[in-house]
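Notes follow the structure.
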Amino acid sequence: MNIDYSPEELEFQQEVRAWFKENLPEDLKQKNMRGEMLTREEIISWQKLLGSAGYLVVSWPPEHGGPDWNATQRYIFDAERAAAGAPVGFSMGIIMLGPVLMAFGSPEQKEKYLPKIESAEDWWCQGYSEPGAGSDLASLKTQAVLDGDDYVINGTKIWTTYGHYANRCFCLVRTDNECKPQAGISFILIDDMSAPGIEIQPIVSIDGEHHLNQVFFDNVRVPKENLVGQEGQGWTIAKYLLTHERTTIAGVADSKLNLANIKRIAAENEVDGKALIDDEQTRLDIAQAEINLMQLEFTNFRTLADTAAGRAPGPESSLLKIKGTDTQQELSELKVKMAGYYAFPWHTEGFVGPEDFAYATQTYNFLRASTIYGGSTEVQKNVVAKMLLGLR
Amino acid sequence: MNIDYSPEELEFQQEVRAWFKENLPEDLKQKNMRGEMLTREEIISWQKLLGSAGYLVVSWPPEHGGPDWNATQRYIFDAERAAAGAPVGFSMGIIMLGPVLMAFGSPEQKEKYLPKIESAEDWWCQGYSEPGAGSDLASLKTQAVLDGDDYVINGTKIWTTYGHYANRCFCLVRTDNECKPQAGISFILIDDMSAPGIEIQPIVSIDGEHHLNQVFFDNVRVPKENLVGQEGQGWTIAKYLLTHERTTIAGVADSKLNLANIKRIAAENEVDGKALIDDEQTRLDIAQAEINLMQLEFTNFRTLADTAAGRAPGPESSLLKIKGTDTQQELSELKVKMAGYYAFPWHTEGFVGPEDFAYATQTYNFLRASTIYGGSTEVQKNVVAKMLLGLR
Amino acid sequence: MDFSYSDEQKLIKEQVEKFVQNDYSFETRNKILEMDEGFDRSVWQQFAELGWLGVPFSEEDGGFGGGAIETSLVMEAFGNGMVLEPYLSTIVLSGNALAFAGSSEQKAELLAGIIGGELLMSVAYAEAKSGYNLANVGTSATKAGDAYTVSGEKVVVLGGASADKLIVSARTSGGNSDEDGISLFVVDAKAAGVEVRGYKTMDGGRAANISFNDAPAELLGEEGKGFAVLDRVIDYGIVAASAQALGEMNSSFQKTLAYMKTREQFGKAIGSFQVIQHRMVDMFTHVESSRSMLIMSSMKVASSDAVERKKAVSGAKVYIGDAARAVAQDAVQLHGGIGMTEELDIGHYFRRLTLFCGIFGSKGYHLRRFADQG
Amino acid sequence: MDFSYSDEQKLIKEQVEKFVQNDYSFETRNKILEMDEGFDRSVWQQFAELGWLGVPFSEEDGGFGGGAIETSLVMEAFGNGMVLEPYLSTIVLSGNALAFAGSSEQKAELLAGIIGGELLMSVAYAEAKSGYNLANVGTSATKAGDAYTVSGEKVVVLGGASADKLIVSARTSGGNSDEDGISLFVVDAKAAGVEVRGYKTMDGGRAANISFNDAPAELLGEEGKGFAVLDRVIDYGIVAASAQALGEMNSSFQKTLAYMKTREQFGKAIGSFQVIQHRMVDMFTHVESSRSMLIMSSMKVASSDAVERKKAVSGAKVYIGDAARAVAQDAVQLHGGIGMTEELDIGHYFRRLTLFCGIFGSKGYHLRRFADQG
């Protein structure tokens with residue numbers, strides 16, 4: 001039992017660290033650290049830079065352009081990325097669609113789509129949720145009906161993150177109404193988000209920003225070659241993604257950067273005659289958050305060590321999403337508390353007070369979503385109770 | 001809207017206060033304040049003293065020997081009782097059986113039993129729960145079968161508080177197995193706990209003390225006159241008691257005394273060079289407990305004001321048990337924390353450290369029961385969700 | 001002991017509740033949000049005509065003859081509809097400051113102007129590094145002859161951008177955090193040397209940072225004794241803001257409860273899941289417990305015993321602040337995705353309640369203030 | 001990075017687990033509880049024979065060659081069965097104190113005696129008014145020639161009543177709470193001037209208040225430099241106690257889970273209620289999260305960087321303490337009435353875990369100690 005990286009891993013860490021130091025633009029770093037939203041252009045050019053260094057599709061196997069790293073290397077990379085202050089960027093194509101195509105896609109699909117994900121040319125968005133369906137995917141209603149060589153899609157998808165930035169979209173659609181609800185779902189690719197019949201309606205969220213969309217499909221024609229796998233295989237594909245290894249789901253690396261940032265802010269900002277860190281409650285709140293994060297990091301290490309050793313991750317891995325989002329919310333709330341009255345001005349108004357606090361409230365508001373999307377905390381607990389504890 | 005007592009109420013308060021000051025034995029007060037268990041003899045002689053002053057069956061109507069007080073007076077009396085440091089004593093007969101007999105009992109039953117409750121001659125215990133039944137009274141199994149002029153009782157009751165102190169017992173028994181489970185339950189009185197066929201087995205609880213018992217009935221004969229109301233009316237009677245007004249269910253008065261005691265202890269006890277109250281966290285923990293208690297007191301006032309004005313208590317009254325027991329547990333835990341290492345010695349060992357802390361752990365352990373008995377917090381929430389919020 | 005409302009109190013309560021329900025729908029409010037000042041001056045005039053702007057003030061000062069209890073009734077109803085008009089800054093804070101410390105001339109001019117709806121005011125007390133400490137005052141006032149001028153900067157002055165006049169805390173003597181030596185002044189927002197930077201706040205309201213550069217100022221109350229007045233005024237502000245928060249919490253609760261009963265997931269109403277049911281009971285508990293604390297503090301804020309007043313008000317702020325946070329977060333969480341959107345009122349309640357947690361002092365600040373009273 | 005156990009580690013883990021399961025049933029334990037000393041000396045001899053008493057010590061000191069990780073494996077398994085024998089006081093605290101600071105003579109005599117099972121020891125550090133501060137030492141030591149004597153009183157010395165020898169912190173110089181000037185001494189419990197008052201503790205164990213009146217004492221380690229040793233020894237104690245608590249938590253969780261699956265109420269298994277299911281998930285989370293913190297602290301307690309060590313240990317104590325409290329309380333609550341009784345093991349786990357929350361410092365104490373490291 002030991003907690004150290006091997007000499008090779010340490011060398012790798014240095015290499016990655018040096019790359020970020022040299023390549024991450026300072027203004028991008030500052031915006032990211034403040035919690036400010038990045039523009040589409042900023043994200044794309046940064047991802048292209050990553051792509052050109054072979055640092056974009058890091059979880060992919062080498063035959064598809066991945067760097068052939070093991071789980072520990074991917075973990076180190078992500079830790080260095082976060083520690084450098086670099087943003088996560090858009091990753092639906094890399095994390096979601098890539099693995100699906102590799103496992104279920106046709107040779108033509110792989111050839112057509114994978115290279116453009118690798119090079120950050122394509123921005124994929126995800127069409128899963130529908131109004132009224134929430135966490136209950138089996139009830140989705142968007143139809144795809146085969147008409148000649150095309151599927152004709154009608155319906156609507158909601159909570160489509162960065163749908164207005166994306167040029168392509170992968171969707172779950174219903175291709176059969178007769179069979180059991182889950183068996184009638186298929187996985188399909190939409191090549192062009194500006195195609196006729198597609199309307200994207202912005203949804204502004206409670207942080208005042210436009211991340212989300214509702215997408216309407218009105219007789220949208222998609223060639224039948226864009227079906228991934230077989231008709232009716234959509235449910236299987238969706239589940240495949242859920243069990244796919246994700247060593248960064250806990251968000252440890254970014255939370256560590258956040259905590260370090262909070263400690264710096266607490267030391268630098270003076271309130272009522274003393275530094276924030278010299279206020280006993282703030283000091284203990286920060287300590288408690290750091291302890292919670294320590295826990296998260298080591299639970300993550302346990303999963304990582306299992307993965308690295310080729311073992312299935314232990315039961316603790318199912319808790320990473322719940323605890324990870326708790327920690328993100330806790331840190332964002334801590335920053336709001338530290339901001340005091342400076343949490344009140346809306347971030348769209350520029351720097352009314354210290355820059356460090358300008359986006360505190362926006363981040364806090366936005367992160368309320370973290371315990372809702374991707375399987376709400378309540379649904380996650382249902383699953384753990386059933387699957388791991390055998391309660392039903 | 002005002003929060004003041006009327007001149008008459010203030011006069012009443014003075015009268016009661018003076019009585020306690022004059023009559024409460026100092027050693028009884030000290031034991032009670034430390035959280036020490038009282039002996040059967042101590043309790044009985046104290047209750048007899050209360051009885052002789054007309055202060056025992058304070059919730060009863062005058063025709064049965066009650067003092068004809070209104071809800072506010074009863075509240076004031078209980079507040080003064082607690083503030084004086086006087087114990088609650090045993091009250092199953094007063095709070096539970098008395099109202100049942102007044103509403104459902106025969107004239108003979110009233111005449112036979114009520115006066116001896118009023119004078120503290122009889123100690124009644126309650127036979128409701130059975131092993132395996134918990135909060136689910138409808139499933140109880142103890143049988144009472146009519147045989148000539150007697151019911152013959154067989155079965156067992158559990159969690160019988162102070163069953164080993166009591167001379168009498170009121171029970172829910174099953175008199176009919178054919179009908180719906182709730183309709184076959186009857187309410188019956190057992191005159192003599194030392195009668196043949198009754199065996200009382202002690203249950204020691206996690207505070208190391210003997211409060212509870214399991215009572216076994218083996219062909220115990222009870223004259224049929226001891227049935228209260230009709231056969232099958234037991235469920236109705238049990239429900240009647242649940243809705244019966246109890247302005248002291250929140251335990252505000254005793255918790256206020258506890259808090260005052262904790263503040264005194266925090267001021268008097270020095271740890272690591274300063275008084276406990278000068279430790280910032282202890283100070284804030286106490287402040288938070290005091291605020292929580294403020295809330296409880298005012299929620300209780302709202303219920304009381306409604307009752308006093310002849311209105312039905314508002315929805316807030318259903319929360320008094322949940323919040324009241326929370327506060328009791330919070331205060332007991334606070335005392336354990338303040339005790340530090342002195343929470344470790346078991347109370348049976350005499351005063352190993354400061355007397356103030358000698359019973360802290362015992363009380364903490366014992367009070368874990370407060371959220372279990374009398375409708376667990378979970379069951380209470382089920383009821384509120386269904387009855388008040390209309391969720392089902 | 002009597003917790004029932006008088007007929008007069010019931011009347012004002014019903015009046016405001018009815019107005020909010022009928023004339024201040026979520027759609028109407030959204031339009032008002034988009035207005036330049038973040039509120040509607042014609043609505044404000046309506047309030048004046050209905051007499052609501054005089055609720056907290058004595059009849060001899062031209063008011064309704066009410067106090068914190070009546071103000072709480074108005075504010076709770078305002079909370080139901082998230083009313084945007086600057087009642088807290090103009091009526092509760094500025095009005096009470098004038099009522100507590102104003103000369104008869106000041107009352108005749110300013111308080112009457114407020115009650116009549118002609119004058120908007122705000123109290124400027126917080127500074128860039130003061131935190132929540134009202135005694136941490138760096139802004140200074142200088143006397144020249146009979147006249148004063150003030151210099152310094154105040155931040156996050158709620159309603160500050162629309163105020164015609166400001167009540168400003170400034171130091172006339174003493175060290176930086178001394179309570180003694182703080183005085184209150186009335187400053188005209190249009191006067192020379194006053195610079196106002198207005199901005200939106202998280203709840204869609206408006207606030208301002210305001211700098212004073214030898215701005216002419218008129219003393220309000222006794223020189224050097226302003227702290228006790230300000231401290232009391234802010235306590236009245238806390239009670240009023242708590243009442244508003246209670247209205248917001250209760251609306252969040254009621255709307256969430258209704259949604260839980262209709263919204264289906266996995267083939268049944270969400271509200272049929274036991275975990276949701278208990279969460280709703282907790283939310284209900286937060287609302288009713290907060291109501292108890294509001295009643296308590298709205299009665300005790302008027303106490304002449306400062307310790308009793310501070311314990312009541314700070315205790316209520318701690319308790320209701322925690323409840324507000326929990327209700328706001330749970331209302332969003334239980335609504336799921338739709339709760340995260342601007343389209344729905346739930347997210348707006350969330351931001352109002354989040355702002356409430358920080359207004360006039362955080363939980364930590366008030367827990368300490370409570371403990372300080374012994 | 002590798003979190004798997006070596007074959008040697010697995011062996012000791014399985015050995016102790018098997019012993020607890022087969023030879024230390026709840027009934028057996030209840031009999032041992034009733035023994036005069038609160039533990040069974042024949043069981044202790046068995047531990048000695050199996051080599052378990054040497055687990056934390058180097059091979060050159062006659063030990064197994066393990067460290068905190070191996071000790072944690074033993075202690076977690078002990079926790080499963082709530083083993084009563086004084087491993088913590090004798091082996092972990094006293095043994096490590098000797099290993100860290102003892103002369104070769106002291107090791108040869110005392111450490112060997114401990115490992116062999118012939119000698120029971122305990123560390124006496126807490127005083128009546130010291131709280132958790134190890135540097136708050138009023139007990140004093142006086143040197144006369146080459147010999148020392150100590151005077152003062154130590155309280156709540158776990159295992160103190162059965163100890164043959166005591167390691168006592170006493171002041172040889174410096175003010176009451178100075179870290180400098182504290183020295184450690186070995187004192188014979190039977191020596192003149194030593195008075196031991198033993199008593200039961202909440203978990204059924206034994207502790208003692210011990211007074212020293214010019215009792216003869218032998219220096220352990222360097223004079224005046226005892227604090228750093230004691231601080232480190234207690235950190236090892238915390239890790240070991242945390243491991244034991246993890247075993248107790250995990251057993252409480254497993255037993256509660258099993259009960260939820262079998263116990264019926266209102267016609268169905270309690271575990272089918274969603275509220276219970278989520279509570280069980282929370283309990284499971286507490287156990288698994290605590291395991292992460294235990295792994296972390298058992299690796300880092302050996303760090304030569306004192307800041308790293310203290311953060312790891314205090315962080316773990318804070319976290320596992322909170323988890324222990326929650327698991328203990330919920331296990332009783334979910335069991336209902338039966339969980340409140342002495343008959344069932346659940347209540348015994350509850351008291352063990354309650355004691356853990358206070359041992360070697362409360363949550364508040366360790367949160368501050370953590371924060372103090374920056």
Side-chain angles (χ1 to χ4, degrees), chain A residues 129 131-136 138-139 158-159 202-212 269-274 276 279-282 285 329 333 336-350 352-354 361-362 364-366 368-369 371-373 376-379 381-382, chain C residues 126-133 135-136 155-156 158 176-177 197-205 207-209 263-267 270 273 275-276 279 325 328-329 332-344 346-348 350-351 354-355 357-359 361-365 367-368:
Chain A
S129 298
S135 303
D136 181 12
S139 71
I158 199 165
W159 317 132
I203 298 173
V204 177
S205 43
I206 58 174
D207 66 337
E209 296 292 341
H210 175 196
H211 314 270
L212 305 170
N269 281 272
E270 190 191 297
V271 168
D272 194 20
K274 57 186 179 193
L276 277 168
D279 172 72
E280 185 67 358
Q281 274 195 302
T282 304
D285 280 353
Q329 291 185 341
E333 192 164 2
V336 168
K337 279 202 272 180
M338 283 166 50
Y341 283 132
Y342 285 124
F344 292 8
W346 203 221
H347 62 280
T348 52
E349 303 277 322
V352 169
T361 299
Q362 188 214 347
Y364 170 71
N365 292 354
F366 180 62
R368 301 318 305 169
T371 48
I372 297 172
Y373 297 133
S376 69
T377 297
E378 291 77 16
V379 168
K381 287 188 181 180
N382 287 345
Chain C
E127 301 189 356
K129 296 201 177 293
S130 68
Y132 299 119
N133 183 2
N136 189 325
V155 303
V156 199
L158 296 179
N176 191 60
S177 282
R197 176 188 174 182
Y199 45 83
K200 281 191 193 170
T201 52
M202 69 165 99
D203 60 341
N209 289 3
R263 161 85 166 160
E264 295 200 350
Q265 190 108 49
F266 304 108
I270 299 187
F273 290 97
V275 160
I276 304 293
R279 287 274 274 279
R325 169 182 177 273
Q329 291 184 352
V332 170
Q333 180 73 22
L334 294 181
H335 272 82
I338 192 78
M340 279 297 298
T341 69
E342 284 263 325
E343 286 168 60
L344 201 71
I346 288 299
H348 295 261
F350 172 84
R351 290 184 301 200
T354 302
L355 190 141
C357 292
I359 206 171
S362 64
K363 175 187 177 168
Y365 175 80
L367 190 57
R368 274 195 293 266

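For clarity, every value in this text was computed on a predicted model and none was experimentally measured. Chain A is the first sequence line, chain B the second, and so forth, proteins listed ahead of strands; every chain is numbered from 1.
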Task: Heavy-atom contact with chain C under 4.5 Å, split by part of A:T361 - done: side chain

TODO: Identify, with sequence neighbours excluded, every residue that meets salt bridge (charged side-chain N to carboxylate O under 4.0 Å, His left out) alongside C:K363.
DONE: C:D322

Task: C:L344 portion near chain A, given a 4.5 angstrom heavy-atom threshold - done: neither

- [ ] Among the options A:Q362, A:K381, A:Q281, pick out the one with the most heavy-atom pairs lying under 4.5 Å from chain C.
- [x] A:Q281

Task: Basic-acidic side-chain contact under 4.0 Å: C:R351, C:E342 - done: yes

TODO: Report the option among C:G336, C:A135, C:G361 that has the most heavy-atom pairs separated by less than 4.5 Å from atoms of chain A.
DONE: C:G336

TODO: Apply the side chain to side chain contact (heavy atoms under 4.5 Å, CB included) test between A:V352 and each candidate in C:T201, C:V156, C:N209; give the one that qualifies.
DONE: C:N209

Task: Among the listed options A:D207, A:V271, A:N365, A:L212, the residue most often paired with chain C at heavy-atom distances under 4.5 Å - done: A:N365

Open item on the list: Can you tell me which portion of C:I346 sits under 4.5 Å from chain A's heavy atoms? Options are side chain, backbone, both or neither.
Closed with: neither

Run the side-chain donor-acceptor check on residues 336-347 of chain A: report pairs under 3.5 Å with partners two or more places apart or on a different chain.
| unit_1 | atom_1 | unit_2 | atom_2 | d |
| --- | --- | --- | --- | --- |
| A:K337 | NZ | A:D285 | OD2 | 3.2 |
| A:Y341 | OH | C:Y125 | OH | 3.4 |
| A:Y341 | OH | C:F360 | N | 3.3 |
| A:H347 | NE2 | A:E209 | OE2 | 2.7 |

Open item on the list: Which atoms of A:E333 are under 4.5 Å from chain C, going by heavy atoms: the side chain, the backbone, both sets, or neither?
Closed with: side chain

TODO: Using a cut-off of under 4.5 Å on heavy-atom pairs, state which of C:Q329, C:E127, C:E343, C:R325 scores highest against chain A.
DONE: C:Q329

Task: Under 3.5 Å donor-acceptor, C:S130 side chain and C:A126 backbone - done: no

